[in-house]
Visitor: 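Could you have a look at this structure, given as structure tokens, before my questions?
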Amino acid sequence: MATRGPRIQAQWHLPWLFFLCSITCVLCVSPSKVPRLGVRGPYGARNHDGEVKLQSLASSHQKFRTFYYNQTLDHFNYRPESYKTFHQRYVLSFKHWRGPNTMAPIFVYLGEESSLNDDLGYIGILSDNAARFGALQVYIEHRFYGESIPFVSRDEALKDANLRGYFSSAQTLADYAEVILHIKKKYSADSSPVIVFGGSYGGMLAAWFRLKYPHVALGALASSAPVLYFDNITPSNGYYTVVTKDFKESSESCYETIKQSWFEIDKVAAKADGLSILQKKFNTCKPLEAAAELKNFLDSLFSVAAQYDRPPRYPVDLVCKGIDSAPEGSDVLDRIFSGVAAYFGKKPCYNLDAFFSAETLDGWSWQTCSELVIPIGRGSNDTMFPADPFDLKEYIEECKRTFGVPPRPHWITTYYGGHHFKEVLRRFGSNIIFSNGLRDPYSSGGVLENISDGILAVYTTKGAHCMDLLPATIGDPEWVVLQRNIEIEIINGWILKYYQDLLENSI
């Protein structure tokens with residue numbers, strides 16, 4: 001039977017037992033509507049009118065150096081075109097590295113579905129802990145994102161069916177292995193232990209990397225990684241059930257208003273000039289062509305607010321306060337618009353395509369239409385959203401219309417595992433931390449209990465998506481400070497054991 005949190009607390013002799021009440025340690029029908037993963041959330045840093053800019057003090061003083069590795073296009077075939085190479089970007093910080101002579105560790109951040117520019121300065125866990133470990137910091141960009149697109153522009157690459165075929169997680173993990181081994185050879189760091197870090201989809205990559213390349217990475221921290229949200233392992237409504245729970249806990253009246261709003265949108269849209277009325281009511285920047293545009297926008301807003309419900313902004317509470325504080329006499333849709341305005345701030349108009357960059361959305365559409373088939377859906381009465389059950393046949397048909405090929409919905413569990421996850425990993429897996437925040441909807445597909453002494457889960461009841469990876473700040477809640485401390489002590493244990501093994505083998 002899987003073990004739970006107190007064992008890790010005792011095992012690591014952590015001095016924070018009195019915080020246990022706030023942290024438990026246990027170590028969509030269409031692809032276009034699959035909620036996007038990603039550490040950062042939908043916006044870059046904002047000014048004082050919105051989200052506080054996040055950047056660790058440590059990372060702000062880093063001297064990052066950018067390099068490009070001549071990466072193999074196809075790691076798994078031996079056709080002439082397989083040997084073509086492209087430039088893959090990676091970034092190093094030597095600031096705290098004690099060097100190969102001391103076998104100082106190498107911390108590697110595995111890029112996710114975005115440009116590496118989005119990670120530097122925003123991912124704090126490496127830079128915040130590099131000094132303590134004397135670690136070299138490495139950040140590697142995911143192929144087909146940022147500056148690591150083979151041969152042509154991003155748009156051209158995604159339109160080229162043959163080139164697009166090399167855009168997969170397996171090729172990406174092989175990329176990371178090549179870059180890490182290249183760095184170790186280049187800097188004579190063969191004995192330096194490697195710890196890989198990743199968040200969201202990148203967290204899945206980190207866990208899978210440790211399983212596929214245990215000779216390269218000593219351990220992995222997989223933050224907010226829904227590795228069990230494939231092949232019907234997790235109930236399809238898991239994501240939206242958590243979104244609903246977050247809003248209901250914030251405000252019952254807010255929850256009820258949102259639940260009623262979908263019917264009201266359809267009722268207004270059915271009028272002769274209904275779409276025009278909705279456009280004026282929600283002050284959209286473009287005329288509405290269908291009520292579904294507005295409903296999809298609101299779906300994204302509520303989902304993103306829950307997924308990234310982080311301090312100090314706490315967007316779920318922000319939206320609900322806007323809804324609940326609408327002027328007296330406001331109807332349901334007026335109250336919903338008040339929540340929209342509270343989230344975005346006062347604007348001349350509201351863009352319904354406000355979430356995430358085109359680069360991320362285009363790449364993510366292909367990834368979810370090829371192998372990352374996350375079957376998210378909703379029943380008729382189990383969330384605050386209208387029914388939208390996952391229909392694999394419709395999903396496949398949309399992918400075929402968009403990309404000309406069907407997805408492979410069972411490939412992730414075939415290649416990486418997932419079914420009988422506990423039994424399998426208990427027998428051969430080790431040195432993986434699965435971290436989660438239970439206010440994150442994707443935690444429903446995460447690992448929330450220990451599998452063994454080496455496959456550990458650390459979660460916070462109040463945490464959101466990838467909070468533990470963000471830069472540490474003075475105002476951080478105690479529960480996220482504790483979560484990070486637990487993770488770092490576990491990693492420290494792996495590294496000490498590695499050194500001990502080396503010493504014993506040398507005698």
Visitor: Could you check whether any side-chain N or O of Arg143 sits under 3.5 Å from a backbone N or O of Asp175, counting only pairs where one atom can act as donor and the other as acceptor?
Guide: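 No: the side chain of Arg143 does not pair with the backbone of Asp175.
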Visitor: Give the minimum heavy-atom separation between Lys212 and Tyr415, together with the two atoms involved.
Guide: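 Here Lys212 and Tyr415 meet closest at NZ-O, 2.8 Å.
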Visitor: Within a strict 4.5 Å, meaning less than it, do heavy atoms of the Trp364 and Leu372 side chains meet?
Guide: yes
Visitor: Do Arg335 and Ser330 make a side-chain contact, defined as non-hydrogen atoms from C-beta onward lying under 4.5 Å apart?
Guide: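 A side-chain contact exists here, since the closest heavy-atom pair is under 4.5 Å.
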Visitor: Is the backbone of Tyr416 close enough, under 3.5 Å, to the side chain of Trp411 for a donor and an acceptor to pair up by distance?
Guide: no
Visitor: Could you tell me whether a side-chain N or O of Asn351 sits under 3.5 Å from a main-chain N or O of Asp353, the two making a donor and an acceptor?
Guide: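 Here the side-chain-to-backbone pair exists.
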Visitor: Give me the atom names and distance for the closest heavy-atom approach of Ser115 to Tyr145.
Guide: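 Closest approach of Ser115 to Tyr145: N-CB, 4.3 Å.
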Visitor: Strictly distance-based, threshold 3.5 Å: is any side-chain N or O of Glu141 a donor or acceptor partner for the main-chain N or O of Ser148?
Guide: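 Present.
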Visitor: Please tabulate, for side-chain N and O atoms in residues 283-292, each donor-acceptor pair with protein atoms closer than 3.5 Å (sequence neighbours left out).
Guide:
unit_1	atom_1	unit_2	atom_2	d
Asn283	ND2	Pro348	O	2.9
Thr284	OG1	Lys286	O	2.8

Visitor: Tell me whether Thr383 contacts the main-chain N or O of Phe385 through its side chain, where contact means a donor paired with an acceptor under 3.5 Å.
Guide: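 Yes: the side chain of Thr383 pairs with the backbone of Phe385.
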Visitor: Carefully, step by step, assess Val447 and Val227 under the rule side-chain contact (heavy atoms from CB on, under 4.5 Å).
Guide: CA-CA 8 Å; Val447 177; Val227 292; 3.8 Å; yes
Visitor: Please report the closest heavy-atom contact between Gly322 and Ala342, naming both atoms and the distance.
Guide: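 Heavy atoms of Gly322 and Ala342 come nearest at CA-CB, 3.8 Å.
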Visitor: What residue pairs, at least two apart or across chains, pass side-chain hydrogen bond (donor to acceptor under 3.5 Å, both in side chains) with a residue in residues 318-328?
Guide: Ser251-Asp324, Ser253-Asp324
Visitor: Would you say Phe302 and Ile258 make side-chain contact, with heavy atoms under 4.5 Å?
Guide: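 Yes, their side chains come closer than 4.5 Å.
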Visitor: May I ask you to check whether Tyr201 and His142 place their ring centers less than 6.0 Å from one another?
Guide: yes
Visitor: Between the side chains of Asp468 and Ser435, is a donor N or O closer than 3.5 angstrom to an acceptor N or O?
Guide: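 Yes, Ser435 and Asp468 have a side-chain donor paired with an acceptor closer than 3.5 Å.
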Visitor: Heavy atoms, side chains only, cut-off 4.5 Å: are Arg210 and Asn431 in contact?
Guide: yes
Visitor: Do any pairs count as a salt bridge (charged side-chain N to carboxylate O under 4.0 Å, His left out) and have a residue in residues 435-445, sequence neighbours left out, and if so which ones?
Guide: Asp246-Arg439, Glu249-Arg439, Asp309-Arg439
Visitor: Look at the side chain of Glu371 and the backbone N and O of Ser169, then say whether any donor-acceptor pair between them is shorter than 3.5 Å.
Guide: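 At least one qualifying donor-acceptor pair exists.
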Visitor: Asp266: which residues meet the salt bridge (charged side-chain N to carboxylate O under 4.0 Å, His left out) condition with it, sequence neighbours left out?
Guide: Lys295
Visitor: Compare all side-chain heavy atoms of Val373 with those of His410 and state whether any distance is below 4.5 angstrom.
Guide: no
Visitor: Locate the shortest heavy-atom distance separating Ser114 from Asp119; write the atom from each residue and the value.
Guide: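 The answer is OG-OD1, 4.4 Å.
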Visitor: Run the ring pair (Phe, Tyr, Trp, His ring centres under 6.0 Å) test against Tyr109 and tell me which residues pass, sequence neighbours left out.
Guide: none
Visitor: Looking at every non-hydrogen atom in both residues, tell me the closest pair between Trp262 and Lys259 and how far apart they are.
Guide: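 Closest approach of Trp262 to Lys259: CD1-O, 3.5 Å.
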Visitor: Among Tyr239, Tyr308, Phe434, find the one that has a ring-ring contact (aromatic ring centres under 6.0 Å, His included) with Tyr442.
Guide: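 The ring-ring contact (aromatic ring centres under 6.0 Å, His included) with Tyr442 is passed solely by Tyr239 among Tyr239, Tyr308, Phe434.
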Visitor: Partners of Gln279 by side-chain hydrogen bond (donor to acceptor under 3.5 Å, both in side chains), sequence neighbours excluded?
Guide: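 side-chain hydrogen bond (donor to acceptor under 3.5 Å, both in side chains) check on Gln279 returns nothing, list empty.
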Visitor: So, using salt bridge (charged side-chain N to carboxylate O under 4.0 Å, His left out) as the criterion, who are the partners of Asp155 when residues are at least two apart?
Guide: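 For Asp155 there are no salt bridge (charged side-chain N to carboxylate O under 4.0 Å, His left out) partners, ignoring immediate neighbours.
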Visitor: Between Gly198 and Ala206, which heavy-atom pair has the shortest distance, and what is it?
Guide: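 Smallest heavy-atom distance, with atoms named: N-CB, 3.8 Å.
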Visitor: Among residues at least two apart in sequence or on other chains, which ones pass side-chain contact (heavy atoms from CB on, under 4.5 Å) with Ile149?
Guide: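 With neighbours one apart ignored, the set is Arg154, Ala157.
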Visitor: Can Ser303 and Asp299 be said to form a side chain to side chain donor-acceptor pair (under 3.5 Å), step by step?
Guide: CA-CA 6 Å; Ser303 300; Asp299 182 314; 3.3 Å; yes
Visitor: Under the rule for ring pair (Phe, Tyr, Trp, His ring centres under 6.0 Å), what residues qualify as partners of Tyr350, not counting sequence neighbours?
Guide: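 Phe337.
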Visitor: Would you kindly say whether Glu397 and Tyr395 are connected by a side-chain donor-acceptor distance under 3.5 Å?
Guide: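 No, no side-chain donor-acceptor contact under 3.5 Å.
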Visitor: Is a side-chain donor-acceptor pair under 3.5 Å present for Asp382 with Tyr240?
Guide: no
Visitor: Heavy-atom distance under 4.5 Å between the side chains of Leu110 and Phe209, does that happen here?
Guide: yes
Visitor: Checking Thr413 against Asp231: is there a side-chain donor and acceptor pair closer than 3.5 Å?
Guide: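 Their side chains do contain a donor-acceptor pair, which is all the 3.5 Å distance test asks for.
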Visitor: Is a side-chain donor or acceptor of Arg378 paired with a backbone partner of Ser236 at a separation under 3.5 angstrom?
Guide: no
Visitor: Any luck finding a side-chain donor-acceptor pair between Thr473 and Asp476 under 3.5 Å?
Guide: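 A pair is found: one side chain offers a donor N or O, the other an acceptor, under 3.5 Å apart.
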Visitor: Does Phe144 have any ring pair (Phe, Tyr, Trp, His ring centres under 6.0 Å) partners at least two apart in sequence or in another chain, and if so, which?
Guide: Phe167
Visitor: Do Leu333 and Val268 touch side chain to side chain, with heavy atoms closer than 4.5 Å?
Guide: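 Yes - at least one pair of side-chain heavy atoms lies under 4.5 Å apart.
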Visitor: Go through the side-chain N and O atoms of Ser300 and Asn296 and say whether any donor and acceptor fall under 3.5 Å apart.
Guide: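 No donor-acceptor contact under 3.5 Å links the two side chains.
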Visitor: Tell me if a side-chain donor or acceptor on Ser443 pairs with a main-chain N or O of Gly446 at a distance below 3.5 Å.
Guide: no
Visitor: What verdict does the side-chain contact (heavy atoms from CB on, under 4.5 Å) test give for Phe282 and Ile336, after you've listed the backbone C-alpha separation in whole Å, the side-chain angles of each residue and the deciding distance to 0.1 Å?
Guide: CA-CA 9 Å; Phe282 283 87; Ile336 293 294; 3.8 Å; yes
Visitor: Sequence neighbours left out, what pairs pass disulfide (SG to SG under 2.5 Å) with at least one residue falling in residues 313-347?
Guide: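 The answer is Cys254-Cys320.
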Visitor: State whether the side chain of Arg164 and the backbone N or O of Phe403 hold a donor-acceptor pair below 3.5 Å, judged by distance alone.
Guide: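 Yes; judged by distance alone, with no hydrogens or angles, the pair exists.
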Visitor: Report yes if some heavy atom in the side chain of Cys466 is under 4.5 Å from a heavy atom in the side chain of Ser224; otherwise report no.
Guide: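 In short, these two side chains touch, coming nearer than 4.5 Å.
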Visitor: Among Val242, Val304, Ile376, find the one that has a side-chain contact (heavy atoms from CB on, under 4.5 Å) with Pro441.
Guide: Val242
Visitor: Mind checking the OG-NE2 spacing from Ser200 to His465? Nearest 0.5 Å is all I need.
Guide: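 These two atoms lie 2.5 Å from each other.
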Visitor: Measuring from atom CG of Asn485 to atom CD of Glu487, what distance do you get when rounded to the nearest 0.5 angstrom?
Guide: 9.0 Å
Visitor: Is it true that a side-chain atom of Asp273 and a backbone atom of Ser276 form a donor plus acceptor pair closer than 3.5 Å?
Guide: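 The answer is no, because no donor-acceptor pair under 3.5 Å joins these two groups.
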Visitor: Identify, with sequence neighbours excluded, every residue that meets salt bridge (charged side-chain N to carboxylate O under 4.0 Å, His left out) alongside Lys267.
Guide: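 Salt bridge (charged side-chain N to carboxylate O under 4.0 Å, His left out) list for Lys267, sorted by chain: Glu264.
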